[in-house]
Number of protein chains: 2
Amino acid sequence: MNNNFRCNCPITSALDIVGDKWTLVIIKQMLLEGKKTFKDFSESDEAIASNILSSRLKMLEQFKIITKEKLTHNKKTNIYLLTEKGLGLTPTIIELTLWSDLNIREHHSSIISDSRIEMVKKNKEESIKMIVEFYKQKTDYNKT
Amino acid sequence: MNNNFRCNCPITSALDIVGDKWTLVIIKQMLLEGKKTFKDFSESDEAIASNILSSRLKMLEQFKIITKEKLTHNKKTNIYLLTEKGLGLTPTIIELTLWSDLNIREHHSSIISDSRIEMVKKNKEESIKMIVEFYKQKTDYNKT
DNA sequence: TATTTTTGCTTGTAAAACAAAAGTAATAAA
DNA sequence: TTTATTACTTTTGTTTTACAAGCAAAAATA
């Protein structure tokens with residue numbers, strides 16, 4: 001299991017898993033945009049190719065960052081959900097968002113500001129909890 | 001300046017800059033390992049190829065995440081330092097470290113735990129300030 | 001049964017990463 | 001003052017990965 005890691009640094013090892021062009025984008029789409037099916041991801045603004053999406057979802061499932069389930073009355077559509085491990089990336093994603101909001105606009109003027117950013121700026125810890133709780137509630141609801 | 005960004009999402013746009021295999025590794029090496037010259041980075045455990053290193057440093061300089069300076073009495077060695085914008089990534093790096101510390105060990109048993117992790121767990125905000133202040137002090141010292 | 005939707009694979013092409021080596025300029029050593 | 005070393009930077013050829021477009025199987029729907 002120790003293969004494919006560049007070295008023994010925890011940060012570098014985390015980046016060996018989520019440090020690529022697409023992985024955190026997919027996790028963001030699940031966490032903040034409510035996406036959960038292959039089609040949801042395929043139709044996103046980011047326009048990920050289906051083969052890349054397929055391989056990333058497989059990898060994330062192997063690392064237990066997401067699960068792949070099916071609805072009881074639909075045997076075709078796969079439902080991809082963040083695990084606790086995946087939800088543990090919420091603070092990282094929130095910090096990246098805050099950094100981007102402050103620092104990227106000068107290079108990318110048409111960037112959109114999520115309404116939740118103001119909430120996060122006011123009370124970071126509470127907002128993170130709320131985002132995670134909201135995700136869990138929503139996915140419970142959708143499963144039944 | 002709006003080119004090369006996949007879409008208007010702040011998170012995706014941040015990842016268009018730092019979302020690759022090497023960029024956050026280089027920033028980590030500067031922030032937490034005191035690396036500041038081309039040679040420092042070249043000799044790291046992660047073993048980045050020199051041409052990739054060169055292109056990433058150039059990109060980071062263009063985005064004003066790092067600066068490239070020279071010491072007064074050495075016209076050869078370039079000193080790469082994090083700007084305020086670059087130091088703004090400290091919370092992201094810290095959150096990634098905490099996530100890794102909790103979640104990656106099961107896939108990578110020989111991962112090393114930085115002694116600063118315990119400090120960060122106890123008081124996150126204060127630790128981040130300390131890490132940034134320490135970086136600034138150290139680099140001021142090295143410049144004179 | 002025929003059609004559509006969803007998922008994800010295949011194929012050919014383009015881009016990026018990579019290792020190794022060569023190039024360049026500053027500095028140090030003989 | 002030649003020679004060697006150091007610190008980067010670029011080049012070269014190879015491998016890997018990304019990508020778009022199209023294809024196909026399974027299941028749902030008409």
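For clarity, every value in this text was computed on a predicted model and none was experimentally measured. Chain letters run A, B, ... following the sequence lines, proteins first, then strands; residues in each count from 1.
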**Prompt:** Touch check for Lys58(B), heavy atoms < 4.0 angstrom, all strands: base, sugar-phosphate only, or nothing?
**Reply:** sugar-phosphate
- Message: Does dG8(C) have OP1 or OP2 under 4.0 Å away from a side-chain N or O of Lys68(A)?
- Response: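 For dG8(C), OP1 or OP2 has a side-chain N or O of Lys68(A) closer than 4.0 Å.
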*Below 4.0 Å: OP1/OP2 of dG8(C) and any side-chain N or O of Tyr80(A)*: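 So the side chain of Tyr80(A) is within the cut-off, an N or O lying under 4.0 Å from OP1 or OP2 of dG8(C).
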Determine all donor-acceptor pairs shorter than 3.5 Å in which one atom belongs to a side chain in residues 48-56 of chain B; sequence neighbours excluded.
{"residue": "Ser55(B)", "atom": "OG", "partner": "Ile52(B)", "partner atom": "O", "Å": "3.0"}
{"residue": "Arg56(B)", "atom": "NE", "partner": "Asp20(B)", "partner atom": "OD2", "Å": "3.1"}
{"residue": "Arg56(B)", "atom": "NH2", "partner": "Asp20(B)", "partner atom": "OD2", "Å": "3.4"}

Which atoms of nucleotides 12-17 of chain C (N or O only) lie under 3.5 Å from a protein N or O atom, and what are those distances?
{"residue": "dA17(C)", "atom": "OP1", "partner": "Arg56(B)", "partner atom": "NH2", "Å": "2.5"}

Report yes if the side chains of Leu60(B) and Ile27(B) come closer than 4.5 Å at any heavy-atom pair, otherwise no.
yes
For nucleotides 5-7 of chain D, tabulate all protein N/O to nucleotide N/O atom pairs closer than 3.5 Å, reporting atom names and distance.
{"residue": "dT6(D)", "atom": "O2", "partner": "Lys76(B)", "partner atom": "NZ", "Å": "2.7"}
{"residue": "dA7(D)", "atom": "OP2", "partner": "Lys39(B)", "partner atom": "NZ", "Å": "3.2"}

Expected list for residues 23-32 of chain A near DNA chain C, using heavy atoms below 4.0 Å, is none
### Qualifying residues under salt bridge (Lys or Arg N to Asp or Glu O under 4.0 Å), relative to Glu43(B), sequence neighbours excluded
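Testing Glu43(B) for salt bridge (Lys or Arg N to Asp or Glu O under 4.0 Å), a comparison that skips the adjacent residues, returns Lys39(B).
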| message | Less than 4.0 angstrom from a charged side-chain N to a carboxylate O is my criterion; do Lys28(B) and Glu46(B) meet it? | response | yes
- Query: Can a salt bridge be assigned to the pair Lys121(B) and Glu118(B) using a cut-off of 4.0 Å between side-chain N and carboxylate O?
  - Reply: yes
| message | Under 3.5 Å, is there any donor-acceptor pair linking the side chain of Ser50(B) to the base of dC8(D)? | response |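 Looking at the base of dC8(D), it does not pair with any donor or acceptor on the side chain of Ser50(B) (distance under 3.5 Å).
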For residues 81-90 of chain B, which residue pairs pass the side-chain hydrogen bond (donor to acceptor under 3.5 Å, both in side chains) check, not counting sequence neighbours?
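Counting only pairs at least two positions apart or across chains, the side-chain hydrogen bond (donor to acceptor under 3.5 Å, both in side chains) contacts touching residues 81-90 of chain B are Glu106(A)-Lys85(B), His107(A)-Lys85(B), Glu84(B)-Lys136(B).
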